Amino acid sequence: MEINDHVDLDQFMAGVKKRNPGQTEFIQAVQEVAQDIYEFIDDKVQYHEAQILRRIAEPDRVVSFRVCWEDDNHHIRVQRGWRVQSNNAIGPYKGGIRFHPSVNESVLKFLAFEQTFKNSLTGLPMGGGKGGANFNPKGKSDAEVMRFCQSFMTELYRHIGPETDVPAGDIGVGGREIGYMFGQYKRITGRWEGVLTGKALEYGGSQMRPEATGYGAVYFLRNMLRHAGQDIEGKNAVISGSGNVATHAAEKVVQLGGKVLTLSDSGGFIYDPDGIDQEKINWIKHLKNVKRGRISEYADHFTNATHHEGKRPWNVPCDLALPCATQNELDADEAEALVENGCIAVSEGANMPTTLEGVKVFHDAKILYGPGKAANAGGVAVSGLEMSQNSGRVSWNTQQLGEMLTELMDGIHAKCVEYGHEGGKDGSGYVDYVKGANIAGFKKVADAMLAFGVV
Ligand code: NDP
Ligand code: 2IT
């Protein structure tokens with residue numbers, strides 16, 4: 001076989017598995033994209049000849065480094081940090097930083113790969129990247145988190161910059177961590193520049209950035225429902241997670257007239273039959289961001305609610321489901337339970353929260369299913385707007401940014417419908433949002449790569 005011969009999907013995936021042994025999350029993310037892209041490029045010889053999919057599935061580079069820090073007991077601790085720069089065809093690498101004990105190269109490669117398509121879908125000029133460390137911020141003092149962030153940035157700073165790579169937050173990295181990292185970057189380089197997004201308003205952050213991912217995921221949900229002639233008002237929603245994305249998704253569901261029944265963390269989920277309203281959401285934000293407590297405390301405080309230790313919320317009957325915690329938190333059995341209990345739509349605030357088998361259940365049942373790379377793109381989209389504000393030395397107000405976020409989510413939904421509309425196939429008008437997001441995201445990046453030749 002010649003090297004540039006057209007390999008089929010199975011041969012392509014066999015190669016991905018061989019080159020990335022043990023990297024199950026990365027292989028899963030590539031598989032999910034490749035199956036749609038293969039169909040799309042079947043008759044498009046230029047993408048095969050230029051080996052575009054093969055190139056996109058190989059990160060530009062993976063930087064890994066040691067992060068040493070001293071804990072409050074003066075013990076020296078050693079963590080591993082990474083930055084995965086996946087693809088910068090359409091703009092500087094852009095994507096969050098995750099601090100969680102489960103972080104490894106596979107997780108960050110999957111996230112950086114997904115980010116490339118997500119960022120493309122936003123229509124803004126951003127490539128795909130992701131970084132992080134196997135550091136567990138839980139139970140650490142502010143001083144320990146600061147020392148870790150400073151040590152992490154002391155290595156990371158040489159790989160990033162406002163025109164090269166612009167990190168932001170993700171699991172375990174919020175306003176506090178971005179502040180410590182930005183401060184250290186500025187101290188080392190002597191430059192104030194838009195090198196990170198998710199900054200606080202006092203030093204170049206954007207209005208609406210904290211809300212953007214959760215709100216955006218609910219706007220995407222509303223768009224899917226509207227397209228199918230439905231609405232959020234009066235519907236019951238089950239949400240996982242209780243961090244940045246989950247609490248803001250809950251807030252927007254409530255604002256649009258829905259009822260939120262659950263939230264969760266890695267210790268279990270809480271079910272509140274009265275609904276988790278704005279006052280309760282504010283209580284949870286304080287619990288999580290200031291007290292750094294656990295969601296189980298909710299059931300101690302709001303006594304009509306129950307805490308279900310070690311359990312995930314997907315067996316609670318609902319109309320709408322929003323997984324907003326982490327990858328692979330919703331499997332095929334749980335997807336079956338959602339469908340059987342009457343769930344009509346799923347919008348993913350988290351990245352790849354549903355397993356491949358779970359996605360198949362949603363598609364077979366033909367319920368509305370918005371994958372993370374489309375549904376949670378509001379966060380990085382407003383990060384892109386934070387970059388624009390920093391470069392232009394301007395700051396836009398909440399109303400302007402709120403309108404821009406809504407328009408961006410409308411645009412992403414429209415692209416998914418354009419490329420994922422199955423109407424012609426079975427006449428049902430069903431939209432395969434996974435396919436739509438994959439193809440629309442791929443096309444822009446692939447065409448840019450074609451323009452560059454072999455680089
Ligand atoms: P946070 O750190 O603010 O919150 C994470 C939440 O998910 C917490 O409730 C956490 O519980 C829970 N969680 C994390 N890991 C696990 C796990 N292994 N099992 C069960 N629960 C877990 O992070 P975000 O809200 O920012 O991120 C949530 C998801 O959204 C992630 O998938 C992230 O990649 C994605 N995302 C985030 C964006 C952003 O702008 N922040 C943008 C787009 C996507 P616990 O406290 O117990 O760990
Ligand atoms: O997964 C994501 O899109 C994020 N964590 C946000 C990335 C960003 O650069 O704002």
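Counting convention: from 1, in listed order, for ligands and their atoms alike. As the structure is a computational prediction, the values presented were derived from the model and not from experiment.
Distance from atom 3 (O) of ligand 2 to its nearest protein heavy atom, with residue and atom name: Lys118 NZ, 2.7 Å. Of the protein's heavy atoms, Thr213 OG1, 2.7 Å lies nearest to atom 40 (O) of ligand 1. Among all protein heavy atoms, the one lying closest to atom 5 (N) of ligand 2 is Asp170 OD1, 2.9 Å. Nearest protein heavy-atom contact of atom 25 (O) of ligand 1 is Val245 N, 2.9 Å. Atom 6 (C) of ligand 2 has its closest protein heavy atom at Arg209 NH2, 3.5 Å. Among all non-hydrogen protein atoms, the one lying nearest atom 13 (N) of ligand 1 is Ala325 CB, 4.0 Å. With respect to atom 9 (O) of ligand 2, the closest heavy atom belonging to the protein is Lys94 NZ, 2.6 Å. For atom 18 (N) of ligand 1, the closest heavy atom belonging to the protein is Thr326 CG2, 3.7 Å. Ranking protein heavy atoms by distance to atom 7 (C) of ligand 2, first place goes to Gly96 N, 3.6 Å. At the top of the distance list for atom 33 (C) of ligand 1, counting protein heavy atoms only, stands Asp170 OD1, 3.2 Å. Here the protein heavy atom with the shortest distance to atom 4 (O) of ligand 1 is Gly243 CA, 3.3 Å. Of the protein's heavy atoms, Ser383 OG, 2.5 Å lies nearest to atom 10 (O) of ligand 2. Of the protein's heavy atoms, Ile171 CG1, 4.3 Å lies nearest to atom 5 (C) of ligand 1.
Heavy-atom distances between Arg98 and ligand 1 reach below 4.0 Å in at least one pair. Ligand 1 is never approached by Met352 to a heavy-atom distance shorter than 4.0 Å. The shortest separation from a heavy atom of Gln327 to ligand 1 is not under 4.0 Å, leaving the residue out of contact. Contact analysis puts Cys324 in contact with ligand 1, with a non-hydrogen atom separation below 4.0 angstrom. Under a 4.0 angstrom heavy-atom cut-off, Ser264 registers as being in contact with ligand 1. Contact between Gly174 and ligand 1 is absent, with no heavy atom of the residue lying under 4.0 Å from the ligand. Look at Glu114 and you'll find every heavy atom at least 4.0 Å from all atoms of ligand 2. The shortest separation from a heavy atom of Gly169 to ligand 2 is under 4.0 Å, placing the residue in contact.
Heavy-atom proximity to Ala168, at under 4.0 Å, picks out these atoms of ligand 2: 8 (C), 9 (O), 10 (O). Those atoms of ligand 1 that come under 4.0 Å of a heavy atom in Lys138, given as number and element, are 45 (P), 46 (O), 47 (O), 48 (O). Residue-ligand proximity, His100 to ligand 1, at heavy-atom distances under 4.0 Å covers atoms 15 (N). Per-residue contacts place Arg294 under 4.0 angstrom from the following atoms of ligand 1 (heavy atoms of the residue considered): 45 (P), 46 (O), 47 (O). Close approach of ligand 1 to Ala350 is summarised as follows: ligand atoms under 4.0 Å from at least one heavy atom of the residue are 29 (C), 30 (O), 32 (O), 35 (C). Residue-ligand proximity, Gly241 to ligand 1, at heavy-atom distances under 4.0 Å covers atoms 9 (O).
Under 4.0 Å from ligand 1, heavy atoms of Asn351 appear from its side chain as well as its backbone. With a 4.0 Å cut-off on non-hydrogen atoms, Glu114 does not touch ligand 1 at all. If you look at Leu111 next to ligand 2, there are no close heavy atoms at all, none under 4.0 Å.
Between Gln184 and Tyr157 the shortest side-chain heavy-atom distance does not fall below 4.5 Å. Taking 4.5 Å as the limit, every side-chain heavy atom of Val238 sits out of range of all side-chain heavy atoms of Leu322. Taking 4.5 Å as the limit, every side-chain heavy atom of Glu163 sits out of range of all side-chain heavy atoms of Glu193. Arg294 is listed as a side-chain neighbour of Ser266, based on a closest heavy-atom distance under 4.5 Å. Using a 4.5 Å heavy-atom cutoff, the side chains of Leu368 and Leu221 are not in contact.
With hydrogens and angles ignored, the 3.5 Å screen pairs a side-chain donor or acceptor of Asn390 with a backbone N or O of Gly204.
Relative orientation of the Phe302 and Tyr298 rings is tilted, given thresholds of 30° and 60° on the angle between their planes. Taking the six-membered ring where tryptophan is involved, the planes of Phe40 and Tyr419 are perpendicular, since the angle between them exceeds 60° and thus also 30°. Between Phe152 and Phe65, the ring planes are tilted. Angles from 30° to 60° get that label.
The heavy atom nearest to atom 4 (C) of ligand 2, considering only Arg98, Met126, Lys130, Met387, is found in Lys130. Comparing Thr197, Asp265, Thr247 against atom 11 (O) of ligand 1, the shortest heavy-atom distance belongs to Asp265. Between atom 2 (O) of ligand 1 and the options Gly172, Gly96, Gly293, the minimum heavy-atom separation is to Gly172.
We find that Asp265 and Lys288 are joined by a salt bridge, their nearest charged nitrogen and carboxylate oxygen being less than 4.0 Å apart. A salt bridge links Arg312 to Asp331: one of the charged nitrogens lies within less than 4.0 Å of a carboxylate oxygen. The pair Lys235-Asp319 fails the salt-bridge criterion, with no side-chain N (NZ, NE, NH1 or NH2) lying under 4.0 Å from an Asp/Glu carboxylate O. Salt-bridge check for Lys285 with Glu251: passed, with a basic side-chain N closer than 4.0 Å to an acidic carboxylate O. At a threshold of 4.0 Å, the pair Asp165-Arg83 counts as salt-bridged, since one of the basic side-chain nitrogens sits closer than that to a carboxylate oxygen.
In terms of polar-atom proximity, defined here as any N/O pair under 3.5 Å, Lys118 makes no such contact with ligand 1. Checked by distance only, ligand 1 and Ser266 come closer than 3.5 Å through their nitrogen or oxygen atoms. Between Ser242 and ligand 1, a contact under 3.5 Å exists for at least one N or O pair. Every N/O-N/O distance between Gly379 and ligand 1 stays at or above 3.5 Å. For ligand 1, the polar-atom distance check against Asn244 finds a nitrogen or oxygen pair separated by under 3.5 Å.
Between Ser383 and the options Asn119, Thr122, Thr197, a side chain to side chain donor-acceptor pair (under 3.5 Å) holds for only Thr197.
Under the 3.5 Å distance criterion, with hydrogens and angles disregarded, a donor-acceptor pair is assigned to the side chains of Asn351 and Asn376.
Cation-pi check for Lys109 over Phe26 is met; the charged atom lies under 6.0 angstrom from the ring centroid and within 45 degrees of its normal. A cation-pi arrangement, defined by a distance under 6.0 Å to the six-membered ring centre and an angle within 45 degrees of its axis, is absent between Lys311 and Tyr271.
Between Tyr185 and Trp192, the gap from one ring centroid to the other reaches at least 6.0 Å. A distance of 6.0 Å or more separates the ring centres of Tyr180 and Phe148. The aromatic ring centroids of Phe220 and Tyr433 lie less than 6.0 Å from each other.
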